[in-house]
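The structure displayed is predicted, hence computed values, not measured ones.
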Amino acid sequence: VLEFVGGQLGVITPVMAVLIVYLLIKRRRQDPFCFWLTIPILAGFLLKSFQGSPQANWPMVGWLAGLIPVADFFMHQYRTLGSKAKHLANASVVIPAAATLFLHLPFVILNIPWPQEANPVKKLVGWRQIGAQVGDLAAEMQPPVFIFSPHYMVASEMAFYVEGHPRVYCVNLG
């Protein structure tokens, strides 16, 4: 649970998380759509964290709906805030923007290569080539041919990239 909550605060930042939850609860009667698109998703993943370890990016779809009241807040209520509240509101936007720039700008703008073990896109590349290789191997075998993987991501990528989009199985090995 602490890993999940810490991951969420790391992804969305503590100030933005508090601002989103506060605005959603405060405005739940005026804007039930955003409330019901955010709170149940976050609560569901929080409950899941008691049983397992959800990835930090999984509940991001819930946080997105929570940004709508934040945008409305900045458009209509920001000017009426006192100076301390304005500083806090500014921090809720500046901290995530600065963190994003700090973490990604050197690699994108300066073309500095990511250390391979920390490369955030390493899971996104090479699937077409692997799918072609798996398809070639499957074509050499006698039917029936089964393609399976112990990882759901690999199974779904193979189902997409292997020629003919065969049925691919994810086998839970424990």
Side-chain angles (χ1 to χ4, degrees), residues 1-110 112 114-125 127 149-157 159-160 168 170 172-174:
V1 174
L2 292 176
E3 179 183 345
F4 171 74
V5 172
Q8 293 310 291
L9 295 177
V11 168
I12 199 81
T13 74
V15 177
M16 183 61 78
V18 169
L19 183 61
I20 289 173
V21 172
Y22 169 77
L23 290 172
L24 285 167
I25 291 170
K26 180 180 174 192
R27 301 166 44 127
R28 69 183 175 276
R29 291 202 182 8
Q30 302 138 266
D31 193 1
F33 182 76
C34 290
F35 178 87
W36 289 108
L37 273 177
T38 301
I39 299 301
I41 290 172
L42 298 179
F45 281 108
L46 179 64
L47 290 173
K48 170 69 177 151
S49 72
F50 282 97
Q51 182 258 337
S53 184
Q55 299 291 318
N57 65 313
W58 291 357
M60 289 312 293
V61 68
W63 289 114
L64 287 175
L67 292 175
I68 295 169
V70 171
D72 182 69
F73 168 80
F74 275 100
M75 292 294 296
H76 298 103
Q77 296 171 320
Y78 179 78
R79 288 187 205 112
T80 63
L81 296 175
S83 87
K84 285 185 181 181
K86 276 186 180 179
H87 290 306
L88 194 58
N90 290 339
S92 75
V93 175
V94 171
I95 291 171
T100 300
L101 287 174
F102 176 74
L103 291 173
H104 298 289
L105 198 61
F107 301 103
V108 175
I109 301 297
L110 302 176
I112 296 172
W114 281 86
Q116 193 53 36
E117 65 280 352
N119 188 342
V121 296
K122 72 179 180 183
K123 291 181 179 180
L124 304 177
V125 296
W127 294 112
S149 168
H151 304 286
Y152 69 91
M153 181 176 172
V154 174
S156 65
E157 296 289 354
F160 185 81
V168 178
C170 182
N172 183 355
L173 299 175

> Of the non-hydrogen atoms in Pro54 and Ser49, which two are nearest, and what is the gap between them?
Replying inline: CD-CA, 3.7 Å
>> Quick check: closest heavy atoms across Leu24 and Gly66, and the distance to 0.1 Å?
In response: CD1-CA, 4.1 Å
> Restricting to pairs with a member in residues 69-90, which pass ring-ring contact (aromatic ring centres under 6.0 Å, His included), not counting sequence neighbours?
Replying inline: Phe74-Tyr78
> Given Val11 and Asn57, is the side chain to side chain contact (heavy atoms under 4.5 Å, CB included) satisfied, shown in steps?
Replying inline: CA-CA 8 Å; Val11 168; Asn57 65 313; over 6 Å; no
> ring pair (Phe, Tyr, Trp, His ring centres under 6.0 Å) with Tyr152: which residues, sequence neighbours excluded?
Replying inline: none
> Could you state the interatomic distance from CG (Leu81) to CG (Leu88), rounded to the nearest 0.5 Å?
Replying inline: 9.5 Å
> Are Met16 and Leu67 close enough, and set up right, to give a side chain to side chain contact (heavy atoms under 4.5 Å, CB included), and what steps lead you there?
Replying inline: CA-CA 9 Å; Met16 183 61 78; Leu67 292 175; 4.2 Å; yes
>> Nearest 0.5 angstrom please: Cys34 SG to Arg28 CZ, how far?
In response: 14.5 Å
> What's the shortest heavy-atom distance between Pro59 and Leu42, and which atoms?
Replying inline: CB-CD2, 3.9 Å
> Under the side-chain hydrogen bond (donor to acceptor under 3.5 Å, both in side chains) test, which residues partner Trp127, sequence neighbours left out?
Replying inline: none
> What distance do Phe50 atom CZ and Leu47 atom CG have between them, rounded to the nearest 0.5 Å?
Replying inline: 7.0 Å
> Could you state the interatomic distance from CD (Gln8) to CZ (Phe45), rounded to the nearest 0.5 Å?
Replying inline: 9.0 Å
>> If I compare all heavy atoms of Ser149 with all of Val154, which pair ends up nearest, and what's the gap?
In response: OG-CB, 3.3 Å
> Crowded around Glu3 CD? As in, over 12 foreign heavy atoms under 6.0 Å?
Replying inline: no
>> On a heavy-atom basis, which atom in Pro69 and which in Asp31 lie closest, and how many Å separate them?
In response: CG-OD2, 4.4 Å
> Run the side chain to side chain contact (heavy atoms under 4.5 Å, CB included) check on Ile68 and Asp72 step by step: do they pass?
Replying inline: CA-CA 6 Å; Ile68 295 169; Asp72 182 69; 5.8 Å; no
>> If we ignore hydrogens and angles and just use 3.5 Å, is the side chain of Thr38 paired with the main-chain N or O of Trp63 as donor and acceptor?
In response: no
> Roughly how far, to the nearest 0.5 Å, is the CZ atom of Phe4 from the CD atom of Gln55?
Replying inline: 11.5 Å
>> Give me the atom names and distance for the closest heavy-atom approach of Thr80 to Gln77.
In response: OG1-O, 2.7 Å
>> With rounding to the nearest 0.5 angstrom, report the CE to CD1 distance, Met60 to Ile41.
In response: 11.5 Å
